[in-house]
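Here is the structure we will look at.
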Amino acid sequence: MEEPVGDLRPPVAHQRPTVLTKHGDSRIDPYFWLRQKANPEVIAYLQAENSYADAVMAPAAELQERLYEEIVGRVQQTDTSAPSFFKGYWHYVRTVEGLDYEIYCRRKDSMEAPEEIELDANELASGHDYFELGFVERSPDENLLAYAIDLSGDELHEVRFRDLTKGHDLEDVLSGVYYGSAWSADSGTFFYVRPDKALRPYQVWRHALGTPVDQDVLVLQEDDERFELSVELTKSERYIIVTSSSQVTSESRCLRSDQPDGVPVLVEARRHGVEYSVDHQEDRFLILTNDGAHDFKLVAAPIHRPGREAWEELVPERSGVRLNAVDVHIGHVVLGQRSDGLQRLEVLNSATGDLQVVDQPDSAYTAFAGSNPVYDSSVMRFFYTSLNAPWSTVDYDMNTRERTIVKEQPVPGGYNRADYVTDRLWATSADGTRVPMSIVYRKGLKSDGTNPAVLYGYGAYELPSDPMFDAARLSLLDRGFVFAIAHVRGGGEMGRQWYEDGKFLCKTNTFDDFIACAVELIDRGYTNPRQLAIRGRSAGGLLIGAVVNARPDLFACAIAQVPFVDALTTMLDESIPLTVNEYEEWGNPNDLEFYEYMKSYSPYDNVHRANYPSMLVMAGLNDPRVPFWEPAKWVAKLRSMTLSARPIILKTDLGSGHSGPSGRYQSWREEAFVSAFMVDQLQAS
């Protein structure tokens, strides 16, 4: 059991055993009652945990404040994004020192023209503890702005419409709205998405501006609980695409944007295991699909006959190249692809069929297609970064291949990227698989095994953890830390097979890969078990929970933010948001084989008597994705089982959801809190 820290004693959650039985197997959960969000005793317990966390961190208060000042000091707090010209206006967003949120602006014809403020998120957030913009969508005629507001973190938005010609909102208000939206061509109709009680987006609705909401029309409803609906407007603005997708299957419907009252036309009926996405280019649809192509291919289909029988291959599947994104222009197609573990960009010339990789100045980098909204432009905008290269916004002429840097992320304080070394390492996992790892540290660091280090991991949903610059990380690097990213299986770093080898009944490969990366850092002399911290968020928190159970001796400190740690119990509860459509990621434990496999690694179920490392666990009371009780129960159980005197603290944001604090200054404070915990604990170990 965790011993008192000094004179501090951690809160003790009462044990009220609940028996959970499935497949004839009974599990006893002593903290099941912590699910009761409406129970004042639960809230009081979370508040007590917050007070304890603050008390544990009190000796590091000065360090925390210093780290916060450093983080803020490396941000150009008053700044403006690279403007983009569209339909007669220069559009940009800007920030102001002392204000938390972005201000959306435009200027007519020239950047020298008077500024028009379209939307000031700071005004909208005034008086609210939490504020998040779910989306901001301008109408095709540039006269209206639809914006979605979340004031609690539960991801249910209120949508309003701002008249940009008059500067005030219309009377139309849509409530309980999810992400995703599209405008009709005449700017008179707005398509939006509603979720069900389990927060699964399952309906697309149509709202005619100026009419009562109760007259809105249901366009499509998805009744299969494995699938979610989304809606978007193509860059050409000629088609509205409605997509129904599960983790492994999808189908799309298209609707002409100038016929908003029409019925969406099915492109190709769903077939299990086949995914595709649709965009529009002149007289054809462009379709990215894995139909007969494990790592995806690009095909085209005529507008009037979009089904599979008419698909014509444009870019075939290539060995070692995972196509993952499409950005369509009138004469070119920008492809996002992953090869050799890097996120690259390619350009397809639609007239000639020529395919070219966009060359980049560094050997290890991340490049994403960006924000040029102009369909008939030959200039593609993309974003570029690496672990030591601040973000750049680049305009790339797809005809001449000329690149123009239009914005570089300023880093106040005299940052010089040459002072920081990046590298790609490889670890060997338990089954012999070589696992890549990205690493950065300050020049001059000695590989003598004495350095503090942070190893980050995620490894789920085919989402990659790409090497990107983060100015807040410099405070750790300048204190002699090594920062590394373990590109474990389950993520998307190395193609579709890399993902599939870290899900379902292969999930434990994710954990083995991470442990192998930790061992590699130690064996190469970058750090040692007494100075190694690990960090993960959400599904990455499950990773952290699994590896501290498997190898508590390997780590001195663990950070788990909104961690998915009560995996088995959650996946057995279909009333919890996202459970059913997660079956295709984790498996369905109503099946005995998956039940037994998930039970073997679910972090909460496998807490045991061990010398656990110092742990900081963070939760959001309104989190709809990982309920607050998962980290709360886990901390209570860890405390009851650990043989170590190291602190295990729980910090719950009582006013936010899965993404943590909404304002940028509070987010920086949270990062300073996390960094201070790591620095303090690794110094103490």
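These numbers were taken from a predicted model, which means no experiment stands behind them. Numbers for residues simply follow the sequence, beginning at 1. Below, all heavy atoms of this structure are taken into account, side chains as well, without hydrogens, waters or symmetry copies.
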Would His658 and Glu155 count as a side-chain contact (heavy atoms from CB on, under 4.5 Å) if you check the C-alpha gap in whole Å, the side-chain angles of each, and the deciding distance to 0.1 Å?
CA-CA 9 Å; His658 196 65; Glu155 301 183 39; 4.2 Å; yes
Suppose we screen for ring-ring contact (aromatic ring centres under 6.0 Å, His included). Which residues come up paired with Tyr456, at least two apart in sequence or across chains?
none
Euclidean distance, Lys503 NZ relative to Glu462 CD, rounded to 0.5 Å
8.5 Å
Donor-acceptor check, side chain of Tyr612 to backbone of Ser644, threshold 3.5 angstrom: yes or no?
no
Let's go through Ser475 and Arg66 carefully: what are the C-alpha distance in whole Å and the side-chain angles of both, what is the deciding distance for side-chain hydrogen bond (donor to acceptor under 3.5 Å, both in side chains) to 0.1 Å, and is it a yes or a no?
CA-CA 10 Å; Ser475 288; Arg66 190 159 63 249; over 6 Å; no
SB check Asp478 Arg74 (cutoff 4.0 Å)
yes
Non-hydrogen side-chain atoms of Glu102 and Leu133 separated by less than 4.5 Å
no
Can you find a pair of side-chain heavy atoms, one from Val454 and one from Arg473, that are under 4.5 Å apart?
no
Under 3.5 Å, is there a donor-acceptor pair between the side chain of Asn122 and the main chain of Asp100?
yes
Do the side-chain N and O atoms of Asp653 and Tyr130 include a donor-acceptor pair separated by under 3.5 angstrom?
no
I need the Tyr178 OH to Leu229 CG distance, nearest 0.5 Å.
12.0 Å
Given Tyr202 and Glu225, is the side-chain contact (heavy atoms from CB on, under 4.5 Å) satisfied, shown in steps?
CA-CA 8 Å; Tyr202 81 122; Glu225 293 185 2; over 6 Å; no
Classify the ring geometry of Tyr665 against Trp668: parallel below 30°, tilted from 30° to 60°, perpendicular beyond 60°.
perpendicular
Atom NE2 of residue position His14 - does it have more than 12 heavy atoms of other residues, nucleotides or ligands inside 6.0 Å?
no
For residues Ser538 and Val626, report the shortest heavy-atom separation together with the two atoms involved.
OG-CG2, 4.1 Å
So, the side chain of Ser244 versus the backbone of Phe227: is there a donor-acceptor pair under 3.5 Å, distance only?
no
Is it the case that the ring center of Phe504 lies less than 6.0 angstrom away from the ring center of Phe594?
yes
With heavy-atom distances below 4.5 Å as the criterion, would you say the side chains of Leu592 and Lys22 are in contact?
no
Salt bridge (charged side-chain N to carboxylate O under 4.0 Å, His left out) contacts touching residues 578-591 (sequence neighbours left out):
Arg226-Glu584
Side-chain donor-acceptor contacts of residues 484-492 below 3.5 Å, not counting sequence neighbours, with atom names and distances?
residue	atom	partner	partner atom	Å
His487	ND1	Ser465	O	3.2
His487	ND1	Glu493	OE2	3.2
His487	NE2	Ser438	OG	2.7
Arg489	NE	Asp513	OD1	3.4
Arg489	NE	Asp513	OD2	2.9
Arg489	NH1	Asp431	OD2	2.8
Arg489	NH1	Thr433	OG1	3.2
Arg489	NH2	Asp431	OD1	3.1
Arg489	NH2	Asp431	OD2	3.3
Arg489	NH2	Asp513	OD1	2.8

Please check: side-chain N/O of Asn50 versus main-chain N/O of Thr652, any donor-acceptor pairing under 3.5 Å?
yes
For Cys557 and Ile559: C-alpha separation, side-chain torsions, deciding distance, then whether side-chain contact (heavy atoms from CB on, under 4.5 Å) applies.
CA-CA 7 Å; Cys557 177; Ile559 311 295; 4.2 Å; yes
Close side-chain approach of Ile117 to Tyr104, heavy-atom, < 4.5 Å
no
Does a side-chain heavy-atom distance below 4.5 Å link Thr642 with Met615?
no
Assess whether a salt bridge exists between Glu671 and Arg535, defined as any Lys/Arg side-chain N lying under 4.0 Å from an Asp/Glu carboxylate O.
yes
What pair of heavy atoms forms the shortest contact from Ser662 to Tyr101, and how long is it?
OG-OH, 2.8 Å
Residues two or more places apart in sequence or in another chain: which of them pass salt bridge (Lys or Arg N to Asp or Glu O under 4.0 Å) with Asp120?
none
Using the ring of each side chain (for Trp, its six-membered ring), is Phe190 parallel, tilted or perpendicular to Phe135, with breaks at 30° and 60°?
tilted
Side-chain donor-acceptor pair present, Lys507, Thr510, cut-off under 3.5 Å
yes
Note: Tyr52 and Leu8 closest approach over all heavy atoms is CE1-CB, 4.0 Å
Side chains of Ser659 and Glu132 only: does a donor on one sit below 3.5 Å from an acceptor on the other?
no
Taking Arg646 for its side chain and Gln681 for its backbone only, find out whether a donor-acceptor pair lies under 3.5 Å.
no
Give a yes or no answer on whether the side chain of Arg194 reaches the backbone of Trp205 with a donor-acceptor pair at less than 3.5 Å.
no
Can you classify the ring geometry of His157 versus Tyr179 as parallel (below 30°), tilted (30 to 60°) or perpendicular (above 60°)?
perpendicular
Check whether any side-chain N or O of Arg639 sits under 3.5 Å from a backbone N or O of Ala13 as a donor-acceptor pair, and report yes or no.
no
Taking the side chain as everything from C-beta on, heavy atoms only, tell me whether Val173 gets closer than 4.5 Å to Val213.
no
With sequence neighbours left out, write down each residue that passes side chain to side chain contact (heavy atoms under 4.5 Å, CB included) with Asp169, or none if nothing qualifies.
Tyr147, Arg160, Arg162
Taking Thr569 for the side chain and Asp566 for the main chain, is one N or O donor matched with an acceptor at less than 3.5 Å?
no
Ile28 CD1: over 12 foreign heavy atoms closer than 6.0 Å:
no
Nearest heavy-atom contact between Trp391 and Met468 is CZ2-SD, 3.5 Å
Test item: Phe131 and Ile149 side chains (from C-beta on) under 4.5 Å apart, heavy atoms
yes
State whether the side chain of Asn622 and the backbone N or O of Ser152 hold a donor-acceptor pair below 3.5 Å, judged by distance alone.
yes
Minimum side-chain heavy-atom gap Asp553-Asn611 below 4.5 Å:
no
Start with the C-alpha distance between Val607 and Trp634, add both sets of side-chain angles, then the distance that settles side-chain contact (heavy atoms from CB on, under 4.5 Å), and finish with yes or no.
CA-CA 8 Å; Val607 173; Trp634 185 45; 3.9 Å; yes
Answer yes or no: is there a donor N or O on one side and an acceptor on the other, between the side chain of Tyr597 and the main chain of Leu505, under 3.5 Å?
yes
Among residues at least two apart in sequence or on other chains, which ones pass side chain to side chain contact (heavy atoms under 4.5 Å, CB included) with Asp29?
Leu20, Tyr31, Phe32, Tyr604, Lys633
For the aromatic rings, using the six-membered ring if either is Trp, is the centroid distance between Phe673 and Phe677 under 6.0 Å?
no
Euclidean distance, Lys197 NZ relative to Leu199 CG, rounded to 0.5 Å:
13.5 Å
Leu650 and Ala53: which non-hydrogen atoms are nearest, and at how many Å?
O-CB, 3.8 Å
Looking only at heavy atoms, the pair that brings Val193 and Pro201 closest together is CG1-CB, 3.5 Å
Should the ring pair His207 and Phe161 be called parallel, tilted or perpendicular, given that the plane angle runs from 0 to 90° and is split at 30 and 60?
parallel
When you check the side-chain N and O atoms of Tyr45 and Glu41, is any donor under 3.5 Å from an acceptor?
no
